[in-house]
Amino acid sequence: MPQEMSTRKAYGRALVELGEKNPDIVVLDADLSMSTMTHMFAQRFPHRFFDCGIAEQNMIGIAAGLAASGKIPFASTFAVFVPGRCFDQLRLSVAQSQLNVKIVATHGGITSGEDGFSHHAIEDLALICALPGFYVLVPTDAIETTQMVRTAAVTPAPFYIRLSRPSTPVIFDENYHFVLGKAVTLRQGNDAAIIAIGIMVSRALEAAKHLAQEGIECRVVSMPTIKPLDEEAILQSAKETGAIVTAEEHLKHGGLGSRVAQVVAQHYAIPMDFVAIEDTYARSGKAEELLQRYGLTAPAIEQAVKSAISRKQVHHS
Amino acid sequence: MPQEMSTRKAYGRALVELGEKNPDIVVLDADLSMSTMTHMFAQRFPHRFFDCGIAEQNMIGIAAGLAASGKIPFASTFAVFVPGRCFDQLRLSVAQSQLNVKIVATHGGITSGEDGFSHHAIEDLALICALPGFYVLVPTDAIETTQMVRTAAVTPAPFYIRLSRPSTPVIFDENYHFVLGKAVTLRQGNDAAIIAIGIMVSRALEAAKHLAQEGIECRVVSMPTIKPLDEEAILQSAKETGAIVTAEEHLKHGGLGSRVAQVVAQHYAIPMDFVAIEDTYARSGKAEELLQRYGLTAPAIEQAVKSAISRKQVHHS
Amino acid sequence: MTEMPLHEGGLAIGCRGQASVDSEAGEVFPNADCKSSCSLEEIARTLRRHIVTMIAAAGSGHPGGSLSAVEIVTVLFFRLMRHRSYDPNWKQRDHFILSKGHAAPLLYAALAESGYFPTKELITLRKIDSRLQGHTDRAMVPGVESTAGSLGQGLSFAIGVALACKLDSLDSRIYTLLGDGECDEGQIWEAAMAAPHYHLDNLTAIVDRNNQQIDGWTRDVMNTEPLGEKWHSFGWHVIEVDGHDIGQLLSAFEEAKQIKDKSSVIIAHTIKGKGVSFMENNLKFHGTAPTQEQLEIALRELA
Amino acid sequence: MTEMPLHEGGLAIGCRGQASVDSEAGEVFPNADCKSSCSLEEIARTLRRHIVTMIAAAGSGHPGGSLSAVEIVTVLFFRLMRHRSYDPNWKQRDHFILSKGHAAPLLYAALAESGYFPTKELITLRKIDSRLQGHTDRAMVPGVESTAGSLGQGLSFAIGVALACKLDSLDSRIYTLLGDGECDEGQIWEAAMAAPHYHLDNLTAIVDRNNQQIDGWTRDVMNTEPLGEKWHSFGWHVIEVDGHDIGQLLSAFEEAKQIKDKSSVIIAHTIKGKGVSFMENNLKFHGTAPTQEQLEIALRELA
Ligand SMILES: Cc1ncc(C[n+]2csc(CCOP(=O)(O)OP(=O)(O)O)c2C)c(N)n1
Ligand SMILES: Cc1ncc(C[n+]2csc(CCOP(=O)(O)OP(=O)(O)O)c2C)c(N)n1
Ligand SMILES: [Mg+2]
Ligand SMILES: [Mg+2]
């Protein structure tokens with residue numbers, strides 16, 4: 001495994017691997033197969049690949065019909081178009097129909113960069129988590145992506161897996177084992193916990209390293225399954241550290257932070273802070289420039305950790 | 001004003017009133033004008049009413065174009081179809097376009113009843129709050145609805161107003177004055193605060209009355225503006241009561257509760273509980289039966305209040 | 001729950017769950033007995049009685065668009081489609097996908113009369129613990145292939161099923177019933193473009209052309225004419241019939257079967273509320289239940 | 001920011017912001033000077049140079065679909081449309097709504113050459129503090145009427161603008177440019193059904209029929225043929241032209257103007273990447289920027 005690889009590339013490869021093993025795997029795309037990497041599957045298994053053209057709603061309906069007939073459809077496009085362009089189809093034809101459809105959306109977040117806000121998926125998690133029955137996953141790296149795709153293929157339920165465009169650091173080694181619904185503690189620490197997803201995990205680790213130099217020991221938890229949440233891991237972090245910061249490439253509303261906040265508030269109220277995109281759209285720019293501009297950085301996490309720690313029990317004295 | 005009236009009926013009347021005063025008001029519907037009550041406007045101002053047929057996406061785009069040309073479009077259908085059937089259109093053509101479009105969606109929640117889950121809007125707030133720039137409102141009664149519609153008409157920004165199907169108690173009198181972005185304290189109390197929206201406000205008042213009989217004094221706050229939230233009112237409740245329960249006819253994910261939890265966690269962490277629909281779809285049934293079945297009742301609120309109170313500071317001892 | 005007369009015609013009872021082999025075609029028609037034991041017209045009348053009765057019992061529902069499509073569904077379930085009420089997921093079956101989900105009462109009536117569940121269950125429609133949801137839920141009721149209620153989604157779903165049948169080399173036929181108002185939805189045209197592109201000659205769509213939607217006549221609300229030309233220009237073989245004429249429907253479906261390499265659509269000209277005088281072409285009965293008094297008149301007319 | 005040669009033709013400079021009255025038509029053509037001072041062909045070439053130059057400077061973007069529609073946009077901005085660069089929101093203006101938002105570089109070039117902003121700003125395309133977003137943002141750039149980037153939305157928006165013009169008794173014309181792949185989107189057909197229903201004869205859609213989308217030729221990815229018949233069956237007046245032939249475009253737009261009571265669509269047959277040999281019909285250049293070396297070749301070809 002190279003040091004860096006995009007999660008979508010790992011997805012393309014995993015699909016081919018699955019396709020070899022299981023003839024029921026079928027793949028759909030909406031005229032973006034070169035970018036979502038489903039073209040790898042299309043080339044190898046042309047008869048099990050369906051390009052739906054630029055018609056995301058129809059793609060989801062077709063996937064549902066295929067699933068109802070025993071196929072295991074993987075449907076891909078950019079995260080900004082699914083769920084956004086076909087939410088009602090995901091709702092009725094997949095979630096309410098309880099069908100075994102796998103949505104793998106690439107170009108999540110703002111790191112799709114220069115295309116601008118029409119192409120920045122900053123609200124997909126808010127939407128997809130509003131669909132009862134869906135598993136919602138965000139991998140940390142290419143290795144985890146592969147395992148998630150395999151897991152989705154053998155778990156009969158609707159899945160949403162959110163990938164990103166750029167190459168990102170490979171964090172796990174080949175021995176890593178993804179477990180559906182389980183958080184992964186990447187660093188120990190009891191002063192605060194940083195719970196992160198996707199590209200923010202490596203930034204969380206970086207922040208923790210810096211904070212350790214200042215004597216603040218942070219636990220770093222990656223939460224690859226956004227739904228259902230690993231409530232146990234969250235509550236353990238809450239109890240053992242007393243302060244939680246979440247970090248995600250998503251709006252503050254409706255994503256990881258909002259989901260963790262509800263668990264915490266309902267079971268073990270402690271101060272939190274949220275590293276996420278405030279209520280605004282981003283502009284065109286290079287991925288790294290945008291992450292800086294919209295506060296998705298290690299320093300932003302460090303600041304949030306300090307803020308949460310400063311609020312520990314103050315008002316309970 | 002009668003004792004009971006549906007908020008959608010108040011909407012239909014308010015539209016006609018606005019239409020008389022302002023020739024720029026135009027109204028759109030998607031083949032549900034009899035149910036959304038826009039037919040009242042259609043009858044009075046046929047040339048300013050556009051039925052788009054069963055094409056919600058097109059309706060939003062047309063509304064955006066009208067707004068770009070200086071009109072003030074009100075677009076209506078069921079809350080399950082807008083935002084769900086046209087999220088990407090609301091995103092690009094309205095929110096990202098910063099256009100003055102008013103969405104008034106009726107049949108919010110599960111009280112649309114017997115039609116079943118395809119017609120139950122339990123996720124619309126999660127979606128619409130994920131659109132930067134939108135004001136999101138849920139009126140408590142018919143009186144407040146009228147004022148909200150008037151406010152939306154004179155405030156140049158995208159609005160989403162969520163109404164319900166059944167007749168509901170009229171709570172406010174004619175002297176009531178809706179203020180955009182402000183919470184309304186309907187009952188004082190310092191043991192816990194119940195923050196509620198829509199049909200759950202009257203249930204919250206009922207719960208507070210019962211709890212008072214047991215010596216628990218609850219503040220009842222209605223939060224007609226879900227976005228932007230009245231953070232001040234929330235934090236005041238948090239500080240003065242130390243326990244907050246939210247109540248809404250919506251999924252627990254992404255609605256009022258999730259938004260309040262983030263404010264609380266970030267500024268003044270206290271125990272909370274959530275009266276909302278758990279992660280599931282509801283079935284066909286009478287409105288009242290469904291509210292019972294899915295836990296949207298005064299007793300459920302009472303229990304949640306007790307739970308939140310029981311967690312006050314326990315783990316901080 | 002009120003006890004209501006269900007007016008079981010008993011006509012189709014003889015057919016329930018008994019597969020028989022049509023030796024000519026070499027195909028299995030579970031309901032082949034119907035062909036001899038009872039006329040399709042009689043079955044249609046029975047379904048209509050079920051529809052008005054169950055909607056009256058529910059106190060809400062959609063009689064108009066259920067009644068307009070009765071002959072279409074009758075011909076499919078009681079003559080043409082291979083299906084087994086005792087084995088709803090039979091791999092070789094033909095598929096019926098109801099896209100206009102508010103016509104659920106019609107589908108429930110046809111399924112009950114085909115033996116998928118007791119006809120006396122029909123009366124539970126829309127009640128809190130019933131399987132018979134206001135709009136169809138595929139997870140709840142045997143024989144219901146798709147979850148519906150949000151319009152415009154059935155044709156896409158049907159394409160998925162048709163593609164799967166092709167992949168599995170099954171010669172099943174896939175039928176989907178659309179409303180004419182439903183054809184306003186863009187998703188219908190996305191799907192309409194895709195089906196012939198994928199050469200799905202195992203797929204037949206039927207448009208219940210009753211010329212009404214909720215807000216009025218389709219030509220006033222959103223004109224879909226020339227509807228046949230639209231489908232034709234999207235690559236479909238188009239057949240127009242009187243949707244209440246069983247003979248025309250039978251030959252239209254037969255014609256559709258013969259067409260290779262593309263999909264067929266049957267535009268079935270119908271009357272909304274057909275069979276009940278005061279419901280016919282009456283917008284009000286798109287989504288209003290008959291009163292007890294109206295029910296009695298309706299049942300008399302359908303006797 | 002790299003300094004890049006912008007190859008300002010200067011052709012259109014004489015036209016910028018100077019309204020002149022075409023006495024024959026009695027209409028205000030701010031860019032009427034172009035008719036005499038410079039040929040539309042020359043302007044088209046200038047726009048092409050801007051497009052490849054700014055996309056090369058950005059390092060990303062969509063040359064193919066920008067180049068294919070150059071003549072369409074040239075004819076509209078520099079001959080037919082009433083608009084004022086010094087008064088972008090002029091109430092009486094004609095409207096251009098770019099639906100296929102990835103052709104933003106083309107629109108930016110036309111706006112700059114019309115005097116809405118300096119041509120030297122073009123080079124800031126897609127850079128972090130530029131107004132020139134990767135896909136158009138109506139709130140940022142004067143002259144940009146719609147926010148785009150998610151395909152399928154422009155025609156609906158154009159209908160809204162056209163309805164507003166009718167309500168306000170303005171005789172403005174509304175133009176919207178669609179991709180042919182974009183016609184896969186259901187929303188296009190929802191809108192296509194609605195425009196003639198509302199009798200919007202002030203609306204003209206242009207489909208850039210370059211026969212390609214991202215995954216390949218449209219006939220392979222999702223066949224839209226017969227495209228003209230589809231629009232015809234949706235109630236439109238259909239005109240087919242060579243989209244690189246300025247004469248044919250001019251008379252098509254003139255014809256559209258004469259059609260009453262319904263909307264017109266011009267199916268402009270084009271070549272994706274037109275004007276740059278190695279980009280023509282080359283799928284790769286749908287969404288890839290030319291290298292510096294490729295840019296130089298392109299500019300030589302467009303000299
Ligand atoms: C996406 C969507 N929008 C709106 C509705 C509300 N609705 C239910 S039935 C109906 C009219 C349907 O008309 P048509 O398709 O002609 O059905 P029929 O006349 O056969 O009853 C509408 C608008 C819906 N169910 N789904
Ligand atoms: C709703 C939506 N789906 C997918 C895309 C990604 N996308 C951008 S351009 C494009 C192909 C467009 O093809 P066409 O409309 O023919 O444009 P042209 O050939 O003129 O470039 C696609 C699929 C998008 N922008 N919007
Ligand atoms: Mg109809
Ligand atoms: Mg093209």
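Below, chain A is the first sequence line, B the second, and so on; all start at residue 1. For clarity, every value in this text was computed on a predicted model and none was experimentally measured.
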Top of Ala265(B), Ser118(B), Cys86(B) for chain A proximity - count of heavy-atom pairs under 4.5 angstrom: Ala265(B)
Which atoms of Thr280(B) approach chain A - backbone, side chain, both or neither, heavy atom under 4.5 Å: backbone
Residue, of Pro228(A), Gly254(A), Gly242(A), that accumulates the most heavy atom pairs under 4.5 Å with chain B: Gly254(A)
Which portion of Leu127(A) sits near chain B, non-hydrogen atoms under 4.5 angstrom: both
Contacting moiety of Val80(A), where chain B heavy atoms sit under 4.5 Å: both
Tyr135(A) OH: over 12 foreign heavy atoms closer than 6.0 Å: no
Where Gly84(B) and Phe87(A) come nearest, the two heavy atoms and their spacing: O-CB, 3.5 Å
Trace of the side-chain contact (heavy atoms from CB on, under 4.5 Å) decision for Arg311(A) with His267(B): CA-CA 8 Å; Arg311(A) 279 179 277 119; His267(B) 298 289; 5.7 Å; no
Contact winner vs chain B - Ala308(A), Cys129(A), Ala126(A), Ala95(A), heavy-atom pairs under 4.5 Å: Cys129(A)
Residue part contacting chain A, namely of Leu131(B), when any heavy atom lies under 4.5 Å: both
Which portion of Ile128(B) sits near chain A, non-hydrogen atoms under 4.5 angstrom: neither
Nearest-0.5 Å distance, CZ of residue Arg85(A) to CZ of residue Arg91(B): 11.0 Å
Pairs of heavy atoms under 4.5 Å with chain B: top-ranked of Asp279(A), Leu251(A), Leu92(A): Asp279(A)
Option in Gly257(A), Ala130(A), Ala304(A), Gly255(A) with maximal non-hydrogen atom pairs under 4.5 Å from chain B: Ala130(A)
Which atom of Pro271(A) lies closest to which atom of Ala269(B), heavy atoms considered: N-CB, 3.6 Å
Trace of the side-chain contact (heavy atoms from CB on, under 4.5 Å) decision for Gln262(B) with Gln262(A): CA-CA 8 Å; Gln262(B) 280 189 288; Gln262(A) 280 189 288; over 6 Å; no
Leading residue by heavy atom contact count with chain B [cutoff under 4.5 Å; candidates Lys227(A), His253(A), Met272(A), Gln57(A)]: His253(A)
Top contributor to chain B interface from Glu278(A), Glu56(A), Gln96(A), Arg259(A) [non-hydrogen pairs under 4.5 Å]: Gln96(A)
Crowding at CD, Glu232(A) (>12 non-hydrogen neighbours, <6.0 Å): no
